[in-house]
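Below is one structure, written out as structure tokens; comments come after it.
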There are 2 protein chains.
Amino acid sequence: MSFDLDGFLPYRLAVAAAQVSRRFAALYEAEAGLSIPEWRVLAHLGKSGPVSVRDITQRVNLDKSVVSRAATRLEQAGHLRKSGHDSDQRLVVLELTEDGRALMARLGRIADAFQAELLAELGEDAAPLLRALERLDR
Amino acid sequence: MSFDLDGFLPYRLAVAAAQVSRRFAALYEAEAGLSIPEWRVLAHLGKSGPVSVRDITQRVNLDKSVVSRAATRLEQAGHLRKSGHDSDQRLVVLELTEDGRALMARLGRIADAFQAELLAELGEDAAPLLRALERLDR
DNA sequence: TTGACATCGTTGCGCCAGCAACGGTATTTT
DNA sequence: AAAATACCGTTGCTGGCGCAACGATGTCAA
């Protein structure tokens with residue numbers, strides 16, 4: 001019997017992720033013209049407060065060059081501020097501006113609504129799905 | 001309470017998919033120097049037999065330009081053959097060569113082993129995960 | 001202290017995905 | 001039958017990703 005792509009987990013995972021990502025990206029693209037990296041950086045900053053590029057890189061799973069450029073764009077758009085770290089001059093500290101916090105509040109509501117929509121589609125499979133995803137990127 | 005990225009499904013899904021994809025891509029990259037689109041086209045052809053670019057495009061969720069270029073590279077590498085369709089001249093029919101079938105046989109074994117590894121990591125959450133993924137790209 | 005080494009963020013570069021446009025073919029309409 | 005429309009696959013183009021190199025700063029060891 002030959003290999004079956006349709007039952008292959010990496011493939012199904014990639015397709016589902018792409019699909020869901022596109023659906024959601026359309027929402028925040030319409031709301032604020034953000035790209036995926038920009039959205040992730042913003043979302044992380046909204047939760048964490050002031051933090052270095054390096055911290056974000058690790059937490060949101062993006063290359064540091066991607067985070068760096070996303071931060072630059074967000075800064076130009078007035079959503080965040082860059083500043084130096086007190087004791088370690090190598091670090092660049094990122095922090096939301098008032099504008100950024102307001103934007104993130106709006107996006108947070110949109111994201112929560114989308115999450116609710118997804119959970120409704122998933123029904124009882126939602127919980128095990130989240131558990132499984134947790135295990136996969138151990 | 002502010003929005004929580006870590007519990008956000010599109011994000012978790014994207015991260016898990018990227019992680020798993022990288023792990024597996026390393027395997028077939030080492031075995032045959034294939035890219036993701038090339039692997040998908042090959043895998044689909046292995047199962048379906050001769051089929052048009054358009055069919056693959058729909059089934060493996062890739063843009064037609066991506067499938068077209070992947071097919072060209074696979075043809076140059078000797079893994080597949082392009083030919084015209086009998087009744088509809090617009091169609092390009094793709095078909096594995098003997099070499100392509102042999103390669104796919106090797107890759108199929110590797111993929112099956114990797115799948116088994118993943119299922120072991122997932123344990124009881126494997127089945128609901130697949131169901132959930134199915135629902136998400138309905 | 002000074003030299004070797006590690007870490008941080010930015011930038012340059014190669015490459016590929018995604019979109020649009022195109023030539024070529026089929027199908028539908030009138 | 002001719003014209004309009006739809007579909008298929010390739011190709012050109014742009015933008016962004018990912019890698020590596022770099023300058024700048026920090027740390028560690030002798």
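Sequence lines set the chain letters: A, B, ... in the order given, protein chains first and strands last, and positions in each chain run from 1.
- Between A:R22 and A:D88, the one whose closest nucleotide on DNA chain C sits nearer the 5' end is A:D88.
- Of the listed nucleotides (C:dA6, C:dT25, D:dC17), C:dA6 has the atom at the smallest distance from the side chain of A:R90.
- If you measure from atom CD of B:E75 to atom P of D:dG9, you get 14 Å, rounded to the nearest angstrom.
- Using modelled atom types, no side-chain atom of B:R54 and backbone atom of B:L91 make a donor-acceptor pair closer than 3.5 Å.
- The environment of CZ in B:R81 is crowded: more than 12 heavy-atom neighbours from other residues, nucleotides or ligands sit within 6.0 Å.
- As judged by a 4.0 angstrom heavy-atom cut-off over every strand, B:S52 is placed among residues touching the sugar-phosphate backbone only.
- Between B:R101 and B:E98, at least one side-chain nitrogen of the basic residue sits less than 4.0 Å from a carboxylate oxygen of the acidic one, meeting the salt-bridge criterion.
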Here DNA chain C, pairs taken as Watson-Crick or G-U under 3.5 Å and shown with ( ), [ ] when crossing and | when to another strand, reads ||||||||||||||||||||||||||||||
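- Distance, B:L62 CG to D:dC8 P: 17 Å, rounded to whole Å.
- Distance alone, capped at 3.5 Å, places no donor-acceptor pair between the B:S68 side chain and the B:K64 backbone.
- As a whole-Å value, the separation of B:I56 CD1 from D:dT10 C1' is 15 Å.
- Rounded to an integer number of Å, the gap from A:E38 CD to D:dG15 C1' is 12 Å.
- Below the 3.5 angstrom threshold, one finds no donor paired with an acceptor across the side chain of A:R69 and the base of D:dG15.
- Minimum atom distance to the side chain of B:S68 is reached by D:dT10, of the listed D:dT10, C:dG18, C:dT25.
- Between C:dT10 and A:K82, a contact under 4.0 Å exists linking OP1 or OP2 to a side-chain N or O.
- Checking side-chain atoms of B:S52 against main-chain N and O of B:V93 turns up no donor-acceptor pair under 3.5 Å.
- Each of A:P37 and A:Q89 has a nearest nucleotide on DNA chain D; the 5'-most of these lies closest to A:P37.
- With C:dA17, C:dT7, C:dT10 as the candidates, the nucleotide lying closest to the side chain of B:V66 is C:dA17.
- Interatomic distance, B:L74 CG to B:W39 CH2, rounded to the nearest 0.5 Å: 12.0 Å.
- Rounded to whole angstrom, the span from the CD atom of A:E29 across to the P atom of D:dG15 amounts to 14 Å.
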Output one line per pair: protein atom, nucleotide atom from nucleotides 20-23 of chain D, and distance, for all N/O pairs under 3.5 Å.
none

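- Residues B:R59 and A:D6 come closest through the heavy atom pair NH1-OD2, 3.5 Å.
- If you take CZ of A:R54 and P of D:dG26, they are 15 Å apart, rounded to a whole angstrom.
- With rounding to whole Å, B:I36 atom CD1 is found 11 Å from C:dG18 atom P.
- Evaluated for a side chain to side chain contact (heavy atoms under 4.5 Å, CB included) with B:Y11, the options A:Q115, A:R40, A:H44 yield exactly one hit, A:R40.
- For the residue pair B:D63/B:S65, the side-chain donor-acceptor check at 3.5 Å is satisfied.
- Counting to the nearest Å, the C1' atom of D:dC7 and the NE2 atom of B:H85 are 14 Å from each other.
- Distance CZ/A:F114 to CG/A:L119: 10.5 Å, rounded to 0.5 Å.
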